[in-house]
Each structure stands twice: as structure tokens, then as C-alpha cells.
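Here the structure is laid out as C-alpha cells; the discussion comes afterwards.
Numbering of ligands and ligand atoms starts at 1, following listing order. If you're wondering where the values come from, they're calculated on a predicted model, not measured in any experiment.
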Amino acid sequence: MKAATRLKAFSCALATVAVMAASPALAKTFKIAVGDGAGGTQHELGKAFISALEAKTGKKHTATLFLNGQLGSEEDTVNNAATGTLDMSILAINNVTPFSPTVGTLTLPYVILSLEDAEKLTQGPIGQELVENTVRDAGVRIIGWAYSGFRVLTNSKRPVESVADLKGLVVRVPKNEIMIETYKAWGINPTPMAWSETFSALQQKVVDGQDNPYITVHSMKFDEVQKYITNIRYIFSIEPLIISEAVFQDLSEQDRKAVLEAGKEATKHSAQFLRAKENAIKAELTARGMKISEPAGGEAEFISLATKTVWPKFYDSVGGAAKVNAVLKALGRDTIQ
Ligand code: MLT
């Protein structure tokens, strides 16, 4: 849907909300779209959100999770939430960026270097600004964050340890310009594709590889169609829980508070889940036959190409070089010129 059409639909949805505002708030079962399968970080965030929401509202409100992209591609769910035809969605931040470009600050390669960096950014003033930008640009509100770990590269053909090893591989990426440009900087033209189509594309060998965190690779059963993993750390995957702004504004003040608090509790749980589970899941993928390679030279070549070539291309879309500097400063890192 074009931005103007989406905005019009969003305005209509808000108008409907205004008419309904006088009616008493009814008990709700929110529908939550989830891009990934069972056992992943998105699923875990969703479950934690539902228990907290039920506890805070005395079970007046609850929600149902629809896993594995049953309610459409992750991009579709943003559009549907914007128009109020879907309540909530849990999806990767890279699939929100096309609707609200400033969230690209969270997907610039090698900006977030740890789970602690991810928590600091999303839960601090920078995260709050991105929440407001997303309401303004996309008609959806981020109310919680799943932390999924670094996106590692998987493929079915051969071990990849250097940028040169990528040559000849067909790699699927999300429809995200920053990620597309990153692979171009590494010397290959990636294939942009919706997440919901990725498993079958890997299975049918339309593409050779993709990147996503260990826990996502595991929850999507990619070990059935991929053999090799390269332990790169170019993007730390952050996956927000979004609510339709129209649906959010339709809630009573007390229910809005409960929704926001439940999102915060689920966010805390997500970080604990990642800390507790990532290593065991990595070991399980190895036990199932996947081979993990470390990038040669401590990833230096991947880092240098991605930061020097890719960052400057996106300064404008993420809010300027000053915004990137604010992020780096918040993380205690050296700023750019
Ligand atoms: C993607 O690769 O499109 C997403 O990161 C998948 C996900 O939501 O886990």
C-alpha cells in the first residue's frame, strides 16, 4: 500500500475510534501475528506479553498468537495494523524500516555489538524517539522488544570464512535497503524476498542461503535445508511487538497502561530468554549436523566494507550523521567525523 493510501486508511481508522470512544471498553482477545515458528524469540515475547496482560487486567484482555506468518508476510502485518484490521504483530525491525526509515539506526551494520547495546538503545531515549517516529510514519506503536541475537549467515553449499567466499552464492535478504547494500559492499547481489517465502525458497534451492539469528534458524527448522553457518555479527536482531495505533487509542487509559506495562515485562523476559538459551540452541544446531565457521581475521574485512561503504549511504534516511553519532555516543563508542 502506498504511504498516502496508508495514511488515509489510518485517518479513517482513527475517526472510527473517535466515534467508538464513548462506548464502554469490552473484553478483548487481541490477534497477534508472529513471523517466526514456535520456540523462537518472537514466540517467547508473545507468550510473556499475554501472561503479563492477563495478570494486569484480571484476565479481561488476552491475546492469541498466529505463528509462522499465518496472517501474512511481516510487511503485510504492518499495513494491516496501520489500518486497524490487525491488532498486533511481532516482526523483525528490518521489516519495519521500509515504513519508518529512522528505525534503520538499529539495522546499520556493526552499530549494535551486544545484547547490552540493544537493551540500552531500545529501552532508552533513542528507543522512545523511534517509537514516536513509528507511530507518526506507519500508524503502529512499538510496545515491546524481542532480542534475538546476531544474524549469522547460513547456506547449503560450502563453508564461508571470508568476503571472497561469498562469490557465487545466492543469498536471500529481507526487503531492506541497508541489508541489500551491505551484501553489495561484500561483493554480491543479494535476493530480496519476504520472510514468509524464505523456507520454501531455501528448500527448492531458489536461493542458497540467508541470515538470521541462531534461535530463529532453529525455530524455523532451517537445519533441514541449510548446512553451513558463518558466525558473523553484522546485525543484532531486534524484533518489536507492535500494536495498531488505532486499536491502542481505542483502549481505556487504564488498559493502555496495562498494555504498555505488559510490553515492558515481556521485553525484560526476552533478554533473559536469549541469555539462557542461545548457547544451547547453537549446540543443538551443531548436533543436528550444521557446521559453524568463524570469519577469517576476526571479521575485519566484513566490518570495514560494511561500515565504510554502507553507513554514509543511509545517514539521510536514519536522521543524519548526527543521529548516528548520538547512537554511538549512547553506546560509549567513538563517533564519526
Ligand atoms: C527476516 O529475515 O525477514 C526476519 O528477520 C525474519 C524474522 O522475523 O525472524
Report task. Give the cluster check for Ile112 versus Tyr234: same hydrophobic cluster or not, with ILVMFWY residues linked at side-chain heavy-atom distances below 4.5 Å. Result -> no
Query raised in the report: Is there a nitrogen or oxygen of Thr216 sitting under 3.5 Å from a nitrogen or oxygen of ligand 1?
Result: no
Report task. Please check if any side-chain donor atom of Glu54 sits under 3.5 Å from a side-chain acceptor atom of His61, or the reverse. Result -> no
Report task. Mind checking whether Thr198 contacts ligand 1 via backbone (N, CA, C, O), side chain (CB onward), both or neither, at a 4.0 Å heavy-atom cut-off? Result -> neither
Query raised in the report: Is there a heavy atom of Gln210 sitting under 4.0 angstrom from any atom of ligand 1?
Result: no
Report task. For Pro174, counting its heavy atoms only, list the atoms of ligand 1 lying under 4.0 Å from any of them. Result -> 1 (C), 2 (O), 3 (O)
Report task. Assess the pair Phe236 and Trp145: is the distance between their ring centroids shorter than 6.0 Å? Result -> no
Query raised in the report: Could a heavy atom of Ala92 be found less than 4.0 Å from some atom of ligand 1?
Result: yes
Report summary line: Residue, atom and distance of the protein heavy atom nearest atom 7 (C) of ligand 1 read Asp36 OD1, 3.2 Å
Requested in this report: Decide if atom NZ of Lys277 counts as having more than 12 heavy atoms of other residues, nucleotides or ligands within a radius under 6.0 Å.
Outcome: no
Requested in this report: Give a yes/no on ligand 1: does Gln42 have at least one heavy atom closer than 4.0 angstrom to it?
Outcome: yes
Query raised in the report: Between Thr154 and Gln210, is any side-chain donor less than 3.5 angstrom from a side-chain acceptor?
Result: yes
Report summary line: heavy-atom search around atom 5 (O) of ligand 1 in the protein gives Arg151 NH1, 2.7 Å
Report task. Check the pair Ile215 / Leu274 against side-chain contact (heavy atoms from CB on, under 4.5 Å), numbers first and verdict last. Result -> CA-CA 8 Å; Ile215 297 184; Leu274 183 66; 3.6 Å; yes
Requested in this report: Just jot down the ligand 1 atoms closer than 4.0 angstrom to any heavy atom of Glu74, in number order.
Outcome: 7 (C), 8 (O)
Query - Ligand-side contact atoms (ligand 1) for residue partner Asn95, heavy atom cut-off under 4.0 Å - result: 1 (C), 3 (O), 4 (C)
Query raised in the report: Do the side-chain N and O atoms of Glu239 and Tyr147 include a donor-acceptor pair separated by under 3.5 angstrom?
Result: no
Requested in this report: Pick one of side chain, backbone, both or neither for how Arg172 approaches ligand 1, counting any non-hydrogen atom pair under 4.0 Å.
Outcome: side chain
Query - Check: Tyr228/Asp208 side-chain N/O donor and acceptor closer than 3.5 Å - result: no
Requested in this report: State whether the shortest distance between N or O atoms of Asn212 and N or O atoms of ligand 1 falls below 3.5 angstrom.
Outcome: yes
